[in-house]
Structure formats: C-alpha cells, structure tokens
Amino acid sequence: MASDTIRNSAGPGGTAGLRRLLLDNGALTALIVLVIALSALSGDFLTADNLLNIGVQAAVTAILAFGVTFVIVAAGIDLSVGSVAALSATVLAWSATDAGVPVALAVVLAVATGTVCGLVNGFLISYGKLPPFIATLAMLSVARGLSLVVSQGSPIALPDSVSHLGDTLGGWLPVPVLVMALMGLITAFVLGRTYLGRSMYAIGGNEEASRLSGLRVKQQKIAIYALSGLFAAAAGIVLASRLSSAQPQAAQGYELDAIAAVVIGGASLAGGTGKASGTLIGALILAVLRNGLNLLSVSAFWQQVVIGVVIALAVLLDTVRRRAGATPVGAGPGGGKGRRAGTYLLAAVVAVAVVGATSLLHGGSSTAAQRKIGLSLSTLNNPFFVQIRAGAEAEAQKRGVDLTVTDAQNDASQQANQLQNFTSEGLASIVVNPVDSDAAGPAVRAANEAGIPVVGVDRGVNKAKTAALVASDNVEGGVLGARALAEKLGGTGTIVVLQGQAGTSASRERGAGFTEGLKAYPGIRVVARQPADFDRTKGLDVMSNLLQAHPGIDGVFAENDEMALGAIRALGPKAGTSVQVVGFDGTPDGLRAVADGTLYASVAQQPRELGRIAVENALRAADGEKLSATVKVPVKVVTMENAADFGG
C-alpha cells in the first residue's frame, strides 16, 4: 500500500511529490547529484571542453548500450557486443586498406559484419535453444578471434575519410556525440513507434503469453539480436575513428559497461522495461564518474572500486523505486510524455543553476595546475610499469610537483579518454606510455593544440608531436635476448617464444628484434610461438601446453619477465638446468629469479630510470626548454654474474 500512499499524498510542492519525482527518475537524479558533487570538487569539471570530452567518452558505450537495450527489454543478454565492435572496425580497416575496397563499401561490409554476428546470436538462441548467456559468450570469443586473424594481431590504420568521424564540426562539436544522438533517436523510435519495439516489450514481459497470442517470437528475437549487432558495428566504427586505427583488442569489457548503462538507466534484467533516454543517462553517469575521478586524481585502482559501488547503488535505487510503486522506466511504448518532458525541463533548470553556482565558487581553473603533470600508463597490472610509476613518483616528489597517474588497462580508447581529461585540466605537461602508438595520436594532437607538451615513455606516439621520447630500444633488446640465449645454448637447439599481447608495439618490436638476432645462429630453431599476453598465469598455462607437444626443448624466450616466470613454474626443475629461459624488462621478481639461477637472463630496461627521466623531461618541456627528440636509457642483459650490480 506504500504506492497508494505516495500517490494520494503527492501534491505540488509537497515533500511526497518531490520524493515521487526522485523515485520515478532515479538515474537522472543520480546524474544531477554526481554533476553537482564533481562541480563543487573540481573547478575543471564544468568547462565547455571537459563537458564535450564527457560526451565523446560516453559515445561508444552509449551506442553499444542502445543496442543492448533492445536485447534486455526482451529479457535477453548480449555479451558479444565489445568483440563484435572490434571485429567490425577491423573488417572496415582491412577492406579499405589491404583489400583496396572503396571506403563506402568497406563501411557497408563493417555494418554487415556486425549484423551477421547478431543474426547468428539470434539463430542460436531461437532455433538452437542455447541460453543467451552461452550463445553470446561464444560469439564474444569467435568475434575477438576473427578480429585477431583478420588483423594478424596488429592495429590497422584507417583511411582519412573514416578517421574524420572522430573529428569535430565547426571546430567544437564532436562528430561522435552527433552519432550518439542519432543512434539514441533511432533507438527511441524503434522502441516507441514500431511493431518490433512493441514485440520487445511483450516478449520481455511474458514470452509464453506473447507466443500464444500469435507473436512470432523466434523471428522477432533474431531481429532483436541483429539490431544489437548493427549498433555494435556502429560503435566499432566510431571507436576506430577516434583512434585513427582499428585495434583488434579494442572494446574489451565494453559489453559489461553497456549492460551496466542499461541497468543504471532503469531497465530490468528480467525484461519488459527500458528506454533510450534511460540508457543514455546510464552511459553519461559512467562517463561523468570516470572523468571526475581522473580530474580529482583518484587512484586508478580505487576508480574500479568506486564505479562498482555506483553500479550497485544504482540498481539498489531502482529496486527501492519499484517497491515504492514508482512508475516503471519504459514499461512500454508511449505514455507519460508530458510528465517526462517536464522532468527533463526541471533537470535542465537544475543544471543551469549548478553551472552558475560553481562558476562563482571556482571562477576558472586553478593556477596550481601549472605545476601539475599527468602520467598515462598502458597498464598497472605489470611490474615493469609499476616500476615506471615508482620512478616517476619519486622524481615528482623530489621536485615538489603534483603527479596524477592513470591506468589505461591496455585499452587504447580508455587511454584516449584519460589524455583528453588531462588536456581539459590544462596541465603543465603530460607523460604518456601508449597502449598503441597510432591510437594515441589524436589525443596527443589535441594536447598539442592546447599548448601542452607531451613526453612519450617506453613507446613513441605516431602522427603527433612529442617533446621527447624517453625509451630503451625494444628491437635492440630483442636482438640482445636472442644473442644471450643462443650463446648459452652453444648455437644449437630448439626453443619456443612466448609472445606478448597481440597488437602492442612492445610485443611486435621485441619479437622482431629476437627474430633478427637469431639470424646469426642458424642452429637455433624456433618450434613454436604462442601469445601469453604479458601475463604470468597465461605464461604458465601456455608453457604447460607447449611442453606436451615439444617436451625436448632447450630454451624459452619470453617477451617479458612475467611470462618468463610463468614458464619457469611450468618447467619445474628443468628451468635453469636442461632448459634455459630468457625474459625481458628486469623487474624485481625477474631479477630475483636470475639471482636464483632459474631464469638465465633478463633484458633489463631500468624502468624506474625511465619514469624518473620522463618526469624530468616533462618539467623541462613545461619550462620551455628544448629537448632531445629521443632520450635513450641503456638496455643491458642481466645474468647471475652481474645481477648483484644492477640497480634497476
């Protein structure tokens, strides 16, 4: 009876009416509260540039989420949209470059690829009787694998005509935001104005009743999943245009963000409810949250915790709203349009009031940002990059400057967002360790245009200006690793190579250097090359599998120490005795293994020194000093003989 109480006591200006309004629009309320809080905490949040950044950063997730909305309204789930987006973008780039297909036709092929993936999902669910979770999980793996097959594991540059989709109109309005708005309008139209949209609500409300009433449920489900695949393809094209390249590993985990956006927006995983505007608000909440946490210099690790808590609270709020008898979000097509329009008008008034209040509070960005540096690392899930951060933080503390460190989690799109946030803050300078050299280019060019110097560390940035590149030579390191292993084996033997994450420049360069170095040792034969993604656990698993096919190998070259340490675990007592293992990076764990004799050698890059020198050069660039284009940090092979003398 609580709902009756709310309805009867609600009146204009009454507290019950306000409560009712907030409950009916939980996601919108959460977004407004979030904007108010971040505006009060950061003077950089409510700038025009930053708000446009938020729109761009929300675009890909929102477009994916619009497609997932169709599926969730029909009580389904689609876990494949991230991989389908990557595959569609890869098909576009490959067909427009390697295959020589006209760009317009390449775009059609990309959209068709996503649609076909959706059709397969729908067919497996409708006629194969597979649960949606299983069918789309299988497609997640298949699409990602095909993306790697088509691209051979390397990013593919996009033609300029497609890359312009990531640019702006009139020098200020981002095209991805326009595409997001267009796809949102299409979603609203399909849900509210079409037979297919009404079918989605019916199937989600009661599938059996829909079937008995004459609805062709199987065919409708195929169409619903095809729509999800089409929207995923559109998101993939937008994502690739932002990065000026198709990344075979792009959009990993984006399916979870898309589902979260739909649920935060008020849709129920049980089906029957959901609408386009709610999904858009959900995507904006995630983008605003990530943007604000970056601006507030919150630790990359804590950001994951905060985002998870917000998602849980949003769903909890939705549960409270439903129990209180609030109107279901998007319970069906049409209805309540006047009230919704009034709600959005009220939200706009509140937003304007917040803008005015915070402008009085902050009066522009803080001048303290002039001595603030941003460091964007490709990942912090690797000891090598943790050491770079440690060296950078020590140097920043020594010089009395504020250093903000972000973790891109090996996601080129997420790194682009982080770099855009740094640019919005007006930092003194930026240090970037690119996930991919091509993909970082557009965001670094934006920093160039804003007059912010950028220093690359460990990996360079293509098609953009950097004040300096602080790096060791990965190719030369690969050559040194080949020489060390070959000479330890006496110039003869069979070896396996554990490769890093497909598509990363570090893996490509180290692998190329190792191959080049082995040319001087024709007696060494590589019997297998397998990726283990720079991960210790995967290194253990892959090495265990390779030993079944090649039990008599004499050596292992791993493109980083983490994989080498996993290989050592798989080799057991053979490591350092009958099988020699060479790693790369000179991490603390790797050097301990070298000292223990289980790891023969590590090609050490001195990561702490890389971080220290990068910050030093970033400060010099901020002061207007002229820097050397490349600052080399020496690479050396560390073995048991010289491990004690190596400082890291």
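A quick note: this is a predicted structure, and the numbers were derived from the prediction, not measured. Quick note: residue numbers are just sequence positions, from 1.
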Next on the checklist: Please enumerate all residues that pass ring pair (Phe, Tyr, Trp, His ring centres under 6.0 Å) together with F514, with sequence neighbours excluded.
Outcome noted: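 Partners of F514 under the ring pair (Phe, Tyr, Trp, His ring centres under 6.0 Å) test: F557.
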
Checklist entry - Counting distance only, does the side-chain N/O of N448 pair as donor-acceptor with the main-chain N or O of K465 below 3.5 Å? => result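 Here the side-chain-to-backbone pair exists.
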
Item to check | Donor on one side chain, acceptor on other, D436 and Q247, under 3.5 Å | outcome: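 Yes.
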
Checklist entry - Do D585 and Q605 have side-chain N/O donor and acceptor atoms under 3.5 Å apart? => result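 A pair is found: one side chain offers a donor N or O, the other an acceptor, under 3.5 Å apart.
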
Item to check | Polar contact flag, side-chain donor to acceptor under 3.5 angstrom, S378-N433 | outcome: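 Judged by distance alone, the side chains do pair up.
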
Checklist entry - Under 3.5 Å, side chain of N50 to main-chain N/O of F45, donor-acceptor pair present? => result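 Confirmed, N50 side chain pairs with F45 backbone.
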
Checklist entry - With sequence neighbours left out, what residues match V633 under side-chain contact (heavy atoms from CB on, under 4.5 Å)? => result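 Expected list: V470, Q606, E609, L610, I613.
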
Name each donor-acceptor pair under 3.5 Å that joins a side chain in residues 475-484 to protein atoms two or more places apart or in another chain, with its distance.
none

Item to check | N291 and its side chain to side chain donor-acceptor pair (under 3.5 Å) partner, picked from N53, N421, D44 | outcome: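 Exactly one pass, corresponding to N421.
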
Checklist entry - Within the side chain of T466, is there an N or O that forms a donor-acceptor pair under 3.5 Å with the backbone of L469? => result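 Absent.
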
Let me have the donor-acceptor pairs involving side chains of residues 530-544, under 3.5 Å, with sequence neighbours excluded, atom names and distances please.
{"unit_1": "D533", "atom_1": "OD2", "unit_2": "K538", "atom_2": "NZ", "d": "2.8"}
{"unit_1": "D535", "atom_1": "OD2", "unit_2": "T537", "atom_2": "N", "d": "3.0"}
{"unit_1": "D535", "atom_1": "OD2", "unit_2": "K538", "atom_2": "N", "d": "2.9"}
{"unit_1": "R536", "atom_1": "NE", "unit_2": "E562", "atom_2": "OE1", "d": "3.4"}
{"unit_1": "R536", "atom_1": "NH2", "unit_2": "E562", "atom_2": "OE2", "d": "3.0"}
{"unit_1": "R536", "atom_1": "NH2", "unit_2": "D589", "atom_2": "OD2", "d": "2.9"}
{"unit_1": "S544", "atom_1": "OG", "unit_2": "L540", "atom_2": "O", "d": "2.8"}

Considering only distance and modelled atom types, tabulate donor-acceptor pairs under 3.5 Å from the side chains of residues 388-398, sequence neighbours left out.
{"unit_1": "E395", "atom_1": "OE2", "unit_2": "R399", "atom_2": "NE", "d": "2.6"}
{"unit_1": "E395", "atom_1": "OE2", "unit_2": "R399", "atom_2": "NH2", "d": "3.4"}

Item to check | Contacts of R242 that satisfy salt bridge (charged side-chain N to carboxylate O under 4.0 Å, His left out) - sequence neighbours left out | outcome: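 Salt bridge (charged side-chain N to carboxylate O under 4.0 Å, His left out) list for R242, sorted by chain: empty.
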
Checklist entry - Passes side chain to side chain contact (heavy atoms under 4.5 Å, CB included), V288 versus L38? Steps please. => result CA-CA 9 Å; V288 165; L38 292 173; 3.5 Å; yes

